[in-house]
2 protein chains.
Amino acid sequence: MNISDAAKKSELPVKTIRYYADIGLVKETGRTANGYRTYDETAVKRLIFVRRSREFGFSISQTEELLALYSDEKRSSAEVKAIAQKRLLEIETKQKELEILRKELSNLVQSCHGDDRPNCPIMDYLG
Amino acid sequence: MNISDAAKKSELPVKTIRYYADIGLVKETGRTANGYRTYDETAVKRLIFVRRSREFGFSISQTEELLALYSDEKRSSAEVKAIAQKRLLEIETKQKELEILRKELSNLVQSCHGDDRPNCPIMDYLG
DNA sequence: TATAAAGCTTCTAGTAACTGGAGGGTCAAT
DNA sequence: ATTGACCCTCCAGTTACTAGAAGCTTTATA
């Protein structure tokens with residue numbers, strides 16, 4: 001199938017699929033005589049895998065590792081788990097950061113009158 | 001004072017201060033005869049303001065707006081509050097996204113044995 | 001006074017992961 | 001024959017810096 005069919009099946013933009021081919025993440029299966037990329041079902045599966053991995057926020061580099069394990073029959077689930085745990089930690093770290101910010105900003109927003117006068121605790125805090 | 005003194009006082013890297021000058025966010029107060037940037041206390045205050053704003057995750061563009069209001073005596077606190085509320089919403093939206101991801105990934109990680117065998121629910125989910 | 005270290009300048013390029021657009025070839029249908 | 005929908009490559013832009021090169025000036029030391 002050509003790239004737009006692969007795009008439909010994988011639910012990825014054509015541009016993104018070309019980009020993944022460029023960086024070597026998921027290469028096209030082949031090319032037609034006129035230079036059009038072709039993809040088979042296996043390649044589409046890899047594209048779907050990449051989309052899901054990216055949706056979880058795994059970086060391209062992490063996705064590359066996962067993809068390698070995906071097609072490695074001799075993989076250990078421990079390797080997969082380690083990568084996932086790393087990502088989980090990233091998420092939790094980010095959540096903590098955001099929660100600190102949210103609390104502080106929420107307090108400031110609540111204490112700001114939000115009227116026509118210039119006086120404002122948000123500005124006091126920043127300045 | 002020169003740029004490295006401004007950097008110390010504002011707790012920003014020299015490179016970042018130059019960058020802010022380049023994009024017109026916080027311009028240097030002047031230049032010495034040999035072309036060195038100079039900063040006065042007012043400029044340093046603006047740099048500190050920018051640092052705090054960025055620490056809250058306000059974008060450069062939002063920071064620009066806040067900075068304009070900072071030196072606007074006729075500002076209304078409503079304008080400031082609106083920008084802060086927008087940022088607060090961004091934070092909350094991100095938090096919700098992360099929480100969904102965290103739950104899902106956490107479940108997968110917990111259900112993965114993490115041993116020498118290849119079988120792995122994380123891979124099952126992605127593939 | 002010579003010199004070396006530190007500090008300043010500008011300019012370019014790289015980071016992450018795409019996305020948009022230009023310019024141009026190809027293919028299917030009317 | 002032509003229109004519209006594909007496909008291709010290459011370049012630039014996005015965010016907010018950061019690193020490094022090449023080359024001044026200033027300051028401190030021997």
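The chains referred to below are lettered A, B, ... by the order of the sequence lines, with proteins before strands, and numbering in each begins at 1.
- Here A:Arg87 contributes atom CZ and B:Leu105 contributes atom CG; the two are 8.0 Å apart, rounded to the nearest 0.5 Å.
- Here D:dA16 presents its C1' atom at 14 Å from CD of B:Gln62, a figure rounded to the nearest Å.
- Atoms CD1 (B:Ile17) and P (D:dC17) sit 12 Å apart, rounded to a whole Å.
- Both A:Ile3 and B:Arg54 sit near DNA chain D, but only A:Ile3 has its closest nucleotide nearer the 5' end.
- Position along DNA chain D of the nearest nucleotide to B:Val50 versus A:Thr38 favours A:Thr38 as the more 5'-ward residue.
- Side-chain nitrogen and oxygen atoms of B:Asn34 include none within less than 4.0 Å of the OP1 or OP2 phosphate oxygen of D:dC24.
- Remark: A:Ser4 is not in phosphate contact with D:dA5, judged by side-chain N or O atoms under 4.0 Å from OP1 or OP2.
- Protein atom OH of A:Tyr19 is 15 Å distant from nucleotide atom C1' of D:dC10, rounded to whole Å.
- At a threshold of 4.0 angstrom between heavy atoms, the contacts of A:Ser59 are confined to the sugar-phosphate backbone, with no base atom among them.
- Side-chain proximity of A:Tyr36 to the nucleotides D:dC8, D:dA16, D:dA19 is greatest for D:dC8.
- Taking CD of B:Glu99 as the start and NZ of B:Lys103 as the end, the distance is 5.0 Å to the nearest 0.5 Å.
- In this structure, CG of A:Asp5 is placed 13 Å from C1' of D:dA5, rounded to the nearest angstrom.
- Annotation: side chain of A:Phe49 is not in contact with side chain of A:Val26 (no heavy-atom distance under 4.5 Å).
- Under the rule for a side-chain contact (heavy atoms from CB on, under 4.5 Å), the partners of B:Asn2 that lie at least two apart in sequence or sit in another chain are B:Ser4, B:Asp5.
- A salt bridge (Lys or Arg N to Asp or Glu O under 4.0 Å) check over residues 48-62 of chain B, counting only residues at least two apart or in different chains, returns the pairs B:Glu11-B:Arg51, B:Arg51-B:Glu55.
- Contact annotation: A:Arg18 does not reach the phosphate of D:dC10 (side-chain N/O to OP1 or OP2, under 4.0 Å).
- Atoms CG and OG, from A:Leu66 and A:Ser53 in turn, are 5.0 Å apart once rounded to the nearest 0.5 Å.
- With values rounded to the nearest 0.5 angstrom, B:Gln85 atom CD is found 10.0 Å from A:Gln110 atom CD.
- As judged by a 4.0 angstrom heavy-atom cut-off over every strand, B:Ile23 is placed among residues making no nucleic acid contact.
- Note: CE (A:Met1) to P (D:dC7) measures 13 Å, nearest angstrom.
- Distance B:Lys15 NZ to D:dA21 C1': 9 Å, rounded to the nearest Å.
- We find that CD of B:Glu55 is positioned 15 Å from P of D:dA16, with the value rounded to whole Å.
- When DNA chain C is scanned in the 5' to 3' direction for atoms under 4.0 Å from non-hydrogen atoms of chain A, the outermost contacting nucleotides are C:dA17 to C:dC27.
- For B:Phe58 and D:dT15, the CZ to P distance is 17 Å, given to the nearest whole Å.
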